[in-house]
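Contents: one structure, followed by commentary.
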Amino acid sequence: MSQTPDSAVRTYIEQHRAAFLDDLAAWLRIPSVSAQPDHAPDVRRSADWLAAKLQETGFPTAEVWQTPGAPAVFAEWPSGDPDAPTVLVYGHHDVQPAAREDGWNSDPFEPVVRGNRLYARGAADDKGQVFFHTLGVRAHLAVTGRTAPAVNLKLLIEGEEESGSPHFRALVEERAGRLAADAVIVSDTGMWSEDTPTVCTGMRGLAECEIRLHGPEQDIHSGSFGGAVPNPATAAARLVAALHDEHARVAVPGFYDGVVELTDRERELFAELPFDEERWLHTAKSTALHGEAGYSTLERIWARPTAEVNGIGGGYQGPGSKTVIPSAAMVKLSFRLVAGQDPDHLEKAVRAWAAEQVPAGIRHEIDFGPATRPCLTPLDHPALRSVVRAMSRAFQEPVRFTREGGSGPAADLQEVLGAPVLFLGISVPSDGWHAPDEKVELDLLLKGVETSAYLWADLARNWRPAS
């Protein structure tokens, strides 16, 4: 009895499972910690290992790209079909610091399988999720009989994501020609839960600033001068108090300009997720919900822009009292941005708003750091539909949708390359990214392999992007 295409894919994956996991374990043994200079040779060794393994997989091109920091890996496998879409897979091969004394039950860089889980630093974030594409493309070729993928397949695996990707955008700009793609697949993300497969459709952007307020040239006596000269600490408090209105909306004029509002369908899809607010609050170590009126918790953290006070200070901070009017105070703010918001416009709006809030006699300075733009893929985008179909085939159940409340370098790829960003990840919250005993569920890891195996043919069959 002949096999169906799906069963043939699963058979191929099962036949190659042991070798795949052995290879992944070898990679996980390399402590590619980008944040620690002593591990710089290991990060380079990780890049070299991956480039060699990609060549062994079949990629005709696999290169290590140097940056002023840690190296990235680029690989390319042309389809041979002049009309095939070009897809770039993004991930990272560096990992967070880890040591046994941090609370691990085993050596973080000696992978171990307990039950159906693989424990090691990088197992989920992000080596496991990068590596499933190697077996996925091989399964795709074996089952379809092709000698090259159905799409022009590229990989960019950076080496500094866990250090904030300081050189990533410059690398993408410098190599934009080689990286040109019709779509970007980000495999550095996760799903809602083990029994609820999901696809992320967007990630918020980020802008940060520090506002410094200066009053008297030095701390002065609050009895001799208090009530007669402006106080920078009071000005900082008033600035923070003016940041939101009584409905928890950001009160900076122009802040919401361009915001892409949630559609009714998106709100329905969010509401379908099995969200337990009490459990979420427990995870947040908080006791009450708060946020912009008219939106659910998931809508607030995934699809609404925010302004948060990350730090506020000024004046005497030691024990006891010191009755002074401080000479300076400061406020640190961060803004999570959603689709349609422009970081440059936001910066101008915040500068104008702060100037209006600061009283005469207080001098202020504002410094903004580099911003990350938001990214969002519409639910009806044909490439997103391919991802959903491929994942649904692998999991054999409907796939739901999420967004990501945080920010990352994916938006740089979207902005520089002009390509939509799609998220394909199989990690679950219990995997413990950045924590002791990081792990990956082996069943889910192999579902990632299977999804990858289905995806390339689906994209080629159902999407022919304009040149």
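A quick note: this is a predicted structure, and the numbers were derived from the prediction, not measured.
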State, with a plain yes or no, whether a side-chain heavy atom of R373 is found less than 4.5 Å away from one of D412.
no
Has R393 got a side-chain atom pairing as donor or acceptor with D6's backbone, closer than 3.5 angstrom?
no
Any donor-acceptor N/O pair, T201 side chain to R403 backbone, under 3.5 Å:
no
Could you go through the salt bridge (Lys or Arg N to Asp or Glu O under 4.0 Å) check for R117 and D437 one step at a time?
CA-CA 11 Å; R117 296 171 172 176; D437 282 349; over 6 Å; no
Is the closest basic N to carboxylate O distance between K348 and D342 below 4.0 Å?
no
Do the non-hydrogen side-chain atoms of K332 and I312 ever get within less than 4.5 Å of each other?
no
Going through the distances and angles, do E299 and R304 end up as a salt bridge (Lys or Arg N to Asp or Glu O under 4.0 Å)?
CA-CA 6 Å; E299 290 167 356; R304 295 301 295 168; over 6 Å; no
Within 6.0 Å of CD in E268, more than 12 heavy atoms from elsewhere:
yes
Tell me if a side-chain donor or acceptor on K127 pairs with a main-chain N or O of W27 at a distance below 3.5 Å.
yes
Quick one: pull up CD in E415 and CD in E173 and give me the separation to the nearest 0.5 Å.
8.0 Å
Test log, rule side chain to side chain contact (heavy atoms under 4.5 Å, CB included), inputs D431 and K439:
CA-CA 5 Å; D431 284 344; K439 55 86 176 172; 2.8 Å; yes
Intermediate values then yes/no, side chain to side chain contact (heavy atoms under 4.5 Å, CB included), S79 and R146
CA-CA 9 Å; S79 166; R146 298 182 59 93; 3.4 Å; yes
L376 side chain reached by V338 side chain, heavy atoms, under 4.5 Å:
no
Does any N or O in the side chain of R336 come within less than 3.5 Å of the main-chain N or O of G205, such that one atom is a donor and the other an acceptor?
no
Any donor-acceptor pair under 3.5 Å from Q341 side chain to F255 backbone
yes
Can a donor-acceptor pair be found, under 3.5 Å and without considering hydrogens, that links the side chain of T189 to the backbone of G425?
no
Decide yes or no on side chain to side chain donor-acceptor pair (under 3.5 Å) for T297 and W280, but give the supporting numbers first.
CA-CA 10 Å; T297 299; W280 183 86; over 6 Å; no
Taking the six-membered ring of W65 as reference, does the NZ or CZ atom of R175 fall below 6.0 Å from its centre and within a 45° cone about the axis?
yes
Between T57 (side chain only) and F59 (backbone N and O only), is there a donor and an acceptor less than 3.5 Å apart?
no
Could you check whether the rings of F131 and F20 sit parallel, tilted or perpendicular, using 30° and 60° as the cut-offs?
parallel
H434 atom NE2, over 12 foreign heavy atoms within 6.0 Å
yes
Should E266 and E261 count as side-chain neighbours, where that means a heavy-atom distance under 4.5 Å?
no
Look up atom OG in S34 and atom CD in Q96, then write down how far apart they are to the nearest 0.5 Å.
7.5 Å
If you apply the rule side chain to side chain contact (heavy atoms under 4.5 Å, CB included), what do you find for D380 with R385, and how did you get there?
CA-CA 7 Å; D380 60 355; R385 288 180 174 179; 3.7 Å; yes
Taking it one step at a time, do D42 and R45 satisfy salt bridge (Lys or Arg N to Asp or Glu O under 4.0 Å)?
CA-CA 5 Å; D42 295 315; R45 187 157 57 97; 2.9 Å; yes
Could you tell me whether the side chain of R121 and the main chain of P97 form a donor-acceptor pair under 3.5 Å?
yes
Examine distances only and state if a side-chain atom of E308 and a backbone atom of N310 form a donor-acceptor pair shorter than 3.5 Å.
no
Only one of V130, V73, D125 clears side-chain contact (heavy atoms from CB on, under 4.5 Å) with H92; which?
D125
When you measure from the centre of the six-membered ring of Y256, is the NZ or CZ of R249 closer than 6.0 Å and no more than 45° off the axis?
yes
R279 atom CZ, neighbour heavy-atom count above 12 within 6.0 Å:
no
Do any N or O atoms from the side chain of D188 and from the backbone of Y90 form a donor-acceptor pair under 3.5 angstrom?
no
Cation-pi check for Y119 against R114: NZ or CZ below 6.0 Å from the six-membered ring centre and within 45 degrees of the axis, yes or no?
yes
